[in-house]
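See structure below.
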Amino acid sequence: MPLDEMNELIRKRLAKLEELRSEGVEPYPARYRVEHAVGPLVAEYDPQSPEALEAAGVRVGIAGRMMSLREMGKTAFAHLQDSSGRIQIYVRLDDVGPEVFGRFRRFDIGDFVGVAGVLFKTKTGELTVQAETVTLLTKSLRPLPEKWHGLKDRETRYRQRYVDLVVNQDVRELFQLRSRLIQVVRNFLDARGFLEVETPMMQPLPGGAAARPFKTFHHALGIDLYLRIAPELYLKRLVVGGFEKVYEINRNFRNEGLSSEHNPEFTMLEFYQAYADYRDLMALVETMMVHVTRELIGETTVHHRGADLRLEPPFAIYTLGEALVKVGGLDAAVAVEEAAARAACAEREIPLKGGETLALLQGFLLDKVVEPLLVQPTFVVDFPRELSPLARSKDDEPDVVERFEFFLGGKEIANAYTELNDPLEQRARFEQQAARRAAGDEEAHPMDRDFLRALEYGMPPAAGCGIGIDRLVMVLTDSPSIRDVILFPHMRPEGGEEP
RNA sequence: GAGCCGGUAGCUCAGCCUGGUAGAGCAGCGGGCUUUUAACCCGUAGGUCGUAGGUUCGAAUCCUACCCGGCUCACCA
């Protein structure tokens with residue numbers, strides 16, 4: 001038995017389990033008829049007066065995990081928790097009889113219990129189920145963390161999220177909010193005629209972003225495959241195919257460092273709209289952000305790291321150059337001169353290898369200097385073409401692309417651009433990237449001939465946008481680490497564990 | 001990858017500086033208590049002090065290496 005730590009507490013519970021079993025009580029019954037969820041019961045009956053409750057004689061049947069226990073000789077109080085809430089139960093020898101009461105005395109905190117009984121209010125006014133019978137539904141063998149201080153150890157909380165969820169209500173609520181966020185976003189896009197699609201997460205060529213991919217091998221085909229770093233090139237193929245509004249919400253995988261803002265797999269929303277440009281998507285993102293915030297927070301102000309984020313349109317818009325100078329407080333020359341940008345990087349102790357272009361230096365400065373300052377909702381537009389191999393240039397300024405990034409709470413939340421749909425131009429961009437790759441830049445975008453073929457058939461003018469769901473949840477829930485918004489964040493495996 | 005901080009009972013923590021062989025609360029166990037709610041009262045049990053070495057008569061405590069986690073930095077355009 002893999003109960004590795006056969007400590008005294010677990011042995012005691014195993015002994016109780018065997019006792020109950022020997023008395024004919026099945027400690028792991030297959031099913032139980034649950035009549036009521038706890039939350040709605042509390043909502044409906046807690047406002048009622050004790051007298052009204054008694055007169056009504058409301059019979060209920062509930063089930064849940066026992067989270068506390070106060071035994072008093074011939075009676076006991078406990079709290080039962082189900083996914084909708086928590087309610088007190090009152091078990092009395094005279095009500096349930098000696099046999100059931102004797103069994104109940106061997107129930108433990110953490111056990112799943114079914115209770116049938118009548119609602120009443122205690123002296124202190126707490127809505128309570130006076131049990132007529134109690135049924136063991138699952139015997140718990142491991143003790144839960146302490147009732148008062150709970151589970152605080154971050155490592156245990158992340159590794160054993162199931163315990164974290166049992167014990168910490170705020171954690172349950174956070175992940176419920178995350179789920180609702182995705183639902184709200186789906187509804188938002190569905191209502192505007194977008195089609196949700198699924199594209200490959202295993203790709204022969206990892207494209208659509210610049211990042212190191214995870215590599216795997218398909219035995220039957222005898223080929224290497226890469227876990228996708230972005231769905232972009234497949235979603236655009238669908239626009240070629242005639243789906244004018246598409247989106248996908250799912251995981252991207254990047255084989256890079258872990259930090260409070262990076263998990264190797266993370267959730268992206270990407271959406272594409274034909275006949276729209278990046279300005280149209282800016283308006284859409286602005287509307288979406290306000291809508292999502294209202295739906296989830298109930299107002300348009302979000303408290304995040306001590307600041308009040310006001311999600312009220314119109315959001316600020318800066319060009320990259322303006323952001324560097326006006327927000328970042330950098331010398332105006334960094335907008336146009338490589339030497340000035342280089343000097344600014346050196347001043348901020350941003351490590352350089354030498355030979356960086358103005359565009360690359362500006363990218364560094366945006367990330368390091370400006371991004372943390374973009375706390376209120378802000379769009380930054382006009383990125384150098386060099387940093388955006390899949391984006392369309394501006395007609396009057398070919399070295400700049402029609403692109404925006406959206407920042408909130410000092411984090412990059414969204415990245416969008418008018419898509420490059422000129423197949424000849426796209427081929428030339430890929431060739432530039434290939435040259436960089438040949439020069440040793442492993443993150444230069446790979447040449448994707450099938451994608452070019454698709455563009456050659458013709459992709460209508462379109463714009464696309466990616467939104468980092470994890471980071472958005474971090475902002476909305478004021479979470480300091482991405483691990484707090486991912487149910488099972490990646491960690492180094494524990495040593496000596498079974499498969 | 002580097003620096004700093006942490007790892008002691010199931011959980012939350014103290015003890016470490018100033019070495020003498022481990023403590024509290026909760027949870028557990030036994031007893032009492034038929035409206036308690038951090039229930040209460042009496043009693044009781046529970047530990048490879050992250051791992052492995054070293055120094056020492058003696059190590060949770062000092063030293064070294066390693067493991068795991070957190071934070072910061074680097075990396076991540």
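Lettering of chains follows the sequences in order, A, B, ..., and the numbering in each one begins at 1.
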Pairwise side-chain contact, A:Thr75 with A:Val91, heavy-atom cut-off 4.5 Å (strictly under):
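Side chain of A:Thr75 against side chain of A:Val91, heavy atoms only: no contact under 4.5 Å found.
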
Using a 4.0 Å heavy-atom cut-off, does [X] contact any base of the nucleic acid, only the sugar-phosphate backbone, or nothing at all?
X        : value
A:Glu261 : nothing
A:Asp95  : nothing
A:Arg159 : sugar-phosphate
A:Arg92  : base
A:Arg483 : sugar-phosphate
A:Leu93  : nothing
A:Lys123 : base

In whole Å, measure the gap between the [atom1] atoms of [N] and [M] for me.
N     : M     : atom1 : result
B:C17 : B:C73 : C1'   : 29 Å
B:G10 : B:C4  : P     : 31 Å
B:A2  : B:U18 : P     : 29 Å
B:C66 : B:C29 : P     : 44 Å
B:U55 : B:A65 : C1'   : 15 Å
B:U21 : B:U8  : C1'   : 14 Å
B:G23 : B:U48 : P     : 15 Å
B:A60 : B:A52 : P     : 13 Å

According to ring-ring contact (aromatic ring centres under 6.0 Å, His included), who are the partners of A:Tyr278, at least two apart in sequence or on a separate chain?
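ring-ring contact (aromatic ring centres under 6.0 Å, His included) list for A:Tyr278, sorted by chain: empty.
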
Should [N] form a Watson-Crick or G-U wobble pair with both distances under 3.5 Å, which nucleotide is its partner?
N     : result
B:C17 : none
B:U72 : B:A2
B:A24 : B:U12
B:C66 : B:G50

Is the positively charged end of A:Arg161 above the ring of A:Phe488, judged by distance under 6.0 angstrom from the centroid and angle within 45° of the axis?
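Verdict for A:Phe488: no cation-pi partner in A:Arg161.
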
Any side-chain donor paired with an acceptor under 3.5 Å for [X] and [Y]?
X        : Y        : result
A:Thr122 : A:Gln88  : no
A:Asn252 : A:Glu265 : no
A:Arg86  : A:Gln81  : yes
A:Thr267 : A:Arg178 : yes
A:Tyr158 : A:Asp484 : yes

With 3.5 Å as the limit, what N/O pairs link the protein to nucleotides 73-77 of chain B?
from: B:C76; atom 1: O3'; to: A:Glu443; atom 2: OE1; distance (Å): 3.3
from: B:C76; atom 1: O2'; to: A:Glu256; atom 2: OE1; distance (Å): 2.1
from: B:C76; atom 1: O2'; to: A:Glu256; atom 2: OE2; distance (Å): 3.3
from: B:C76; atom 1: O2; to: A:His262; atom 2: NE2; distance (Å): 2.4
from: B:C76; atom 1: N4; to: A:Lys368; atom 2: NZ; distance (Å): 2.8
from: B:A77; atom 1: OP2; to: A:Ala210; atom 2: O; distance (Å): 2.2
from: B:A77; atom 1: OP2; to: A:Glu443; atom 2: OE1; distance (Å): 3.0
from: B:A77; atom 1: N7; to: A:Leu387; atom 2: O; distance (Å): 3.1
from: B:A77; atom 1: N6; to: A:Leu387; atom 2: O; distance (Å): 3.3

Classify the side chain of [X] and the base of [N] as holding, or not holding, a donor-acceptor pair under 3.5 Å.
X        : N     : result
A:Gln88  : B:U36 : yes
A:Thr75  : B:U35 : no
A:Glu155 : B:G7  : no

Spacing of A:Trp148 atom CH2 relative to B:C13 atom C1', expressed in whole Å
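Rounded to the whole Å, the gap is 16 Å.
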
From C-beta outward on [X], which listed nucleotide comes closest to its side chain: [options]?
X        : options             : answer
A:Tyr158 : B:U35, B:U36, B:G70 : B:G70
A:Phe77  : B:U36, B:A27, B:C11 : B:U36
A:Lys152 : B:U35, B:C29, B:U12 : B:U12
A:Pro143 : B:G10, B:C29, B:U34 : B:G10
A:Glu126 : B:C71, B:G28, B:U36 : B:U36
A:Thr128 : B:G31, B:U35, B:U36 : B:U36

Taking the nucleotide of RNA chain B with the closest heavy atom to each, which residue, A:Gly73 or A:Asp108, is nearer the 5' end?
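Its nearest nucleotide lies further toward 5', so the answer is A:Asp108.
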
Select from A:Pro480 and A:Ile109 the residue whose nearest nucleotide in RNA chain B is closer to the 5' end of that strand.
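Closest to the 5' end, via its nearest nucleotide, is A:Ile109.
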
Within less than 4.0 Å of OP1 or OP2 of B:G10, is there a side-chain N or O belonging to A:Arg13?
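So the side-chain polar atoms of A:Arg13 never come under 4.0 Å of the phosphate oxygens OP1 or OP2 of B:G10.
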
Phosphate OP1/OP2 of B:C68: any A:Arg492 side-chain N/O under 4.0 Å:
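So the side chain of A:Arg492 is within the cut-off, an N or O lying under 4.0 Å from OP1 or OP2 of B:C68.
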
State which residues pass salt bridge (charged side-chain N to carboxylate O under 4.0 Å, His left out) with A:Glu19; sequence neighbours excluded, sorted by chain then number.
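Expected list: A:Arg106.
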
Salt bridge (charged side-chain N to carboxylate O under 4.0 Å, His left out) involving A:Glu126 - partner list, sequence neighbours excluded
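With sequence neighbours excluded, A:Glu126 shows a salt bridge (charged side-chain N to carboxylate O under 4.0 Å, His left out) to no residue whatsoever.
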
For the residue pair A:Phe379 and A:Phe406, does the interplanar ring angle fall in the parallel (under 30°), tilted (30 to 60°) or perpendicular (over 60°) class?
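Taking A:Phe406 first and then A:Phe379, their aromatic rings sit tilted (interplane angle of 30° to 60°).
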
Find every protein N or O atom lying less than 3.5 Å from an N or O atom of nucleotides 41-46 of chain B, and list the pairs.
from: B:G46; atom 1: O4'; to: A:Glu8; atom 2: OE1; distance (Å): 3.4

Can you list the residues that meet the side-chain hydrogen bond (donor to acceptor under 3.5 Å, both in side chains) rule with A:Thr319, with sequence neighbours excluded?
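side-chain hydrogen bond (donor to acceptor under 3.5 Å, both in side chains) list for A:Thr319, sorted by chain: empty.
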
